[in-house]
There are 2 protein chains.
Amino acid sequence: MDKKPTIKTIAQLAGVSHVAVSRALRGCSDISAETTKRIRKIAEEVGYSPNANARNLSSKRSSSIGMIVPSLDETSAYNALFNQISVSAAKRNYCVMLGSSHRNVQLEEQHCRMMVENGVGALIVSPCTSDVSHIKNICYGHVPVLYVGGKTDPNETCALFCDYYYSAVQAVEYLYSLGHKNIAFFAYAPANLTIRQKEKGFTDCMKTHNLKPRVYLCGDASNTIEAGIDITKKLILRKELPTAIWCASDLMAVGVIQTLRKNGFLVPEDVSVMGHDDLYFDIFPGICLTTLHTPFSEIGTAAADLAIDLTEKKATEDSLRQVFRTSLVERNTVAPPKNYNS
Amino acid sequence: MDKKPTIKTIAQLAGVSHVAVSRALRGCSDISAETTKRIRKIAEEVGYSPNANARNLSSKRSSSIGMIVPSLDETSAYNALFNQISVSAAKRNYCVMLGSSHRNVQLEEQHCRMMVENGVGALIVSPCTSDVSHIKNICYGHVPVLYVGGKTDPNETCALFCDYYYSAVQAVEYLYSLGHKNIAFFAYAPANLTIRQKEKGFTDCMKTHNLKPRVYLCGDASNTIEAGIDITKKLILRKELPTAIWCASDLMAVGVIQTLRKNGFLVPEDVSVMGHDDLYFDIFPGICLTTLHTPFSEIGTAAADLAIDLTEKKATEDSLRQVFRTSLVERNTVAPPKNYNS
DNA sequence: CGCATTTACTTTCACGTTAAAGTATATAAT
DNA sequence: ATTATATACTTTAACGTGAAAGTAAATGCG
């Protein structure tokens, strides 16, 4: 196990100074084509691999970005986001440090501190609380932070948002266009900012059509599927089922559909059900959910590019805040209401 | 935005040499308690954060490990693995660089190269092919690599395995103990090494009980749920349903159960269905799957600890290869066969 | 009291790289 | 022929830290 070769190793073999090697490998024009070729050949032969620690230290640049997420379990959207960030960062030759905070502020802070120590050029954070002062204390003035995800303060200067008010409007307009008048909105975790935006959009849009906005919130289920099941059961008992239900999440919609079907209601014939996120397209057998697609790929690409632009100090003022919109994906859990002739 | 403070900044303020600061912050005993306290106070006040690039360069250590996985989508086990690795690494003050190869060897190689350049102390790789020569070319002799996951060559010297032969035995023994004689094994992707291990375990164990090992493989479905559905449909048509089915993955079991129920069969009363992995416990409403739990947390913890031990050159010879076993999780998709009196 | 040891530092150098400035030679312009 | 310029390098210093060696003062000990 011989020592890792450095530019000095190559310099010696090539009979030039180590700086000539450094510049040749970086393709600087003041090294002759011939010398560059020779140096590159030797570098290849000895299996040279640059030392980013030294490079970053000397050049005051960085070749990595960090990302901190609340979790990466199978029901979270951060997987999709990270997947894209990883790919986009690799395209620009950046590594990504990832930390999972498990919704623990102390751990989130530790990840942030470690990543800053390790020299990330920028940080993409999906904070686990709206208060991000612990992150700002560490990063302010030193490492740019880009916020993504539901808990982000809407006033944050550098952040990527998804317009959930608009997605509510999309959902209502679509269902209304099919003839639905009796539309309900099901949501979980009422304290969540994104849920409140959806609720506001839903209520406002229903009112513009002179329809009664029926909002059902469930705050005490153990997960969002359960919440969907709970609310649906209640409405079935009370015989208050609407003709269409828009759920704040796909998993909730799955719970709703299962419960409806189990109780003899046909989806979409009796009740239309619509989701939000488009994350579990082919996981649930028999459910091909009509939903609103959140553009995770686009958001991930934008996040990686913005983070790297911030690292390289070439982010433009108007790229600092970007708003994304969901798009309608028509599959087969929504249909016009019964007895409706369009 | 003032310059980031370094140990030299602190040294000047404290009126000591920068080395005294370095040693005080690291708690070396040759700096007096009084001076250490004073230095730490100043460090706190100026918001000092150590520069790991410089530290690693000077001390030839590393404060990060890397992980490369094929993907992080909602149906993969790598999420669970990474979550634990992230937590375990944080406990020892290590950052984790994560790269998603999307099952692309070139991208996997690029991630590997970038991480090595960025100075990871060790690499945890779930390779996307059994041939890992591209990784060895980059890492051999410089960065230790720890292999995890299904594609790993069983002869690899540094690797964490799960004993899938044993999990097959566990499944068969359990079903047999309940009285099942007509047991089938359903699997997807027959080329996969882990599947072959399960198949071998299943076949061998069935034979020891003088039972006919019924193996059903499906290689052309678009995902594992589909595969479960396909095989089940075929068996229902042919009226060849066994009394118990062990599926190579939980998702497959979900597809099987849905199909059975849709066709009027009760699970577990008519047919018992068992899975493998224990990943989707509360996602599928109405399915509380009896399965074999893969100890992702333990594997993740072991992987992080081993990778860091390798980084710090204190891994013991016998920690290099570790084998983990699944454990039975009895929920409610398995019951004794009909007409069986135990 | 004088010498060894301990305490609490400081000085110097190295890690691998890049930035910046310097230099020798060849070529071009006047 | 002289001077300017371009080419192709080299030399020096710096990035922030830590290892190793050095040192001055205080303390211990016979």
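Chain letters run A, B, ... following the sequence lines, proteins first, then strands; residues in each count from 1. Keep in mind that the numbers below use all heavy atoms, side chains included, and drop hydrogens, waters and symmetry copies.
Using modelled atom types, one finds no donor on one side chain facing an acceptor on the other under 3.5 Å when comparing B:S64 with A:N118. Judged by distance alone, the side chains of B:S49 and A:E117 never bring a donor and an acceptor atom under 3.5 Å apart. Looking at B:N83 and A:S100, their side chains do bring a donor and an acceptor atom within 3.5 Å of each other.
Taking a 6.0 Å sphere around CD of B:E298, one finds it holds more than 12 heavy atoms contributed by other residues, nucleotides or ligands.
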Please list each protein N or O that sits under 3.5 Å from an N or O in nucleotides 25-27 of chain D, with the distance.
none

When you compare the protein's N or O atoms with those of nucleotides 10-17 of chain D, which come within less than 3.5 Å of each other, and at what distance?
| residue | atom | partner | partner atom | Å |
| --- | --- | --- | --- | --- |
| D:dT10 | OP1 | A:S17 | N | 3.3 |
| D:dT10 | OP2 | A:S17 | N | 2.8 |
| D:dT10 | OP2 | A:S17 | OG | 2.7 |
| D:dC15 | O2 | A:S58 | N | 3.1 |
| D:dG16 | N2 | B:A54 | O | 3.4 |
| D:dT17 | OP1 | B:Y48 | OH | 2.4 |
| D:dT17 | OP1 | B:N51 | N | 3.2 |
| D:dT17 | OP2 | B:I7 | N | 2.7 |
| D:dT17 | O2 | B:S58 | OG | 2.8 |

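Over its length, the helix from C:dC1-D:dG30 to C:dT30-D:dA1 turns its helix axis by 50°, as judged from the five terminal pairs at each end, rounded to 10°.
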**Request:** Under the side-chain contact (heavy atoms from CB on, under 4.5 Å) rule, what do B:V116 and B:R113 come out as? Steps first, then yes or no, please.
**Result:** CA-CA 5 Å; B:V116 169; B:R113 190 185 309 281; 5.9 Å; no
**side-chain contact (heavy atoms from CB on, under 4.5 Å) assessment of A:V145 paired with A:C158** = CA-CA 7 Å; A:V145 181; A:C158 184; over 6 Å; no
**Request:** Evaluate side-chain contact (heavy atoms from CB on, under 4.5 Å) for B:F82 paired with B:V96, printing each intermediate quantity in order.
**Result:** CA-CA 9 Å; B:F82 174 81; B:V96 183; 3.7 Å; yes
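Between A:E44 and A:R40 there is no salt bridge, since no side-chain nitrogen of the basic residue lies less than 4.0 Å from a carboxylate oxygen of the acidic one.
Using a 4.5 Å heavy-atom threshold, the side chains of A:F324 and A:T294 count as separate.
Residue pairs meeting the salt bridge (charged side-chain N to carboxylate O under 4.0 Å, His left out) criterion with at least one member in residues 90-107 of chain B, sequence neighbours excluded: B:R92-B:D305, B:R92-B:D309, B:R92-B:E312. Within the structure, the salt bridge (charged side-chain N to carboxylate O under 4.0 Å, His left out) test picks out the following pairs touching residues 124-137 of chain B (sequence neighbours left out): B:K136-B:E156.
Looking at every heavy atom in both residues, B:C128 comes nearest to B:K151 through O-NZ, 3.7 Å.
Put simply, chain B comes within 4.0 Å of DNA chain C, heavy atom to any atom, from C:dA8 to C:dG16, going 5' to 3'.
For D:dT7, neither phosphate oxygen OP1 nor OP2 lies less than 4.0 angstrom from any side-chain nitrogen or oxygen of A:S32.
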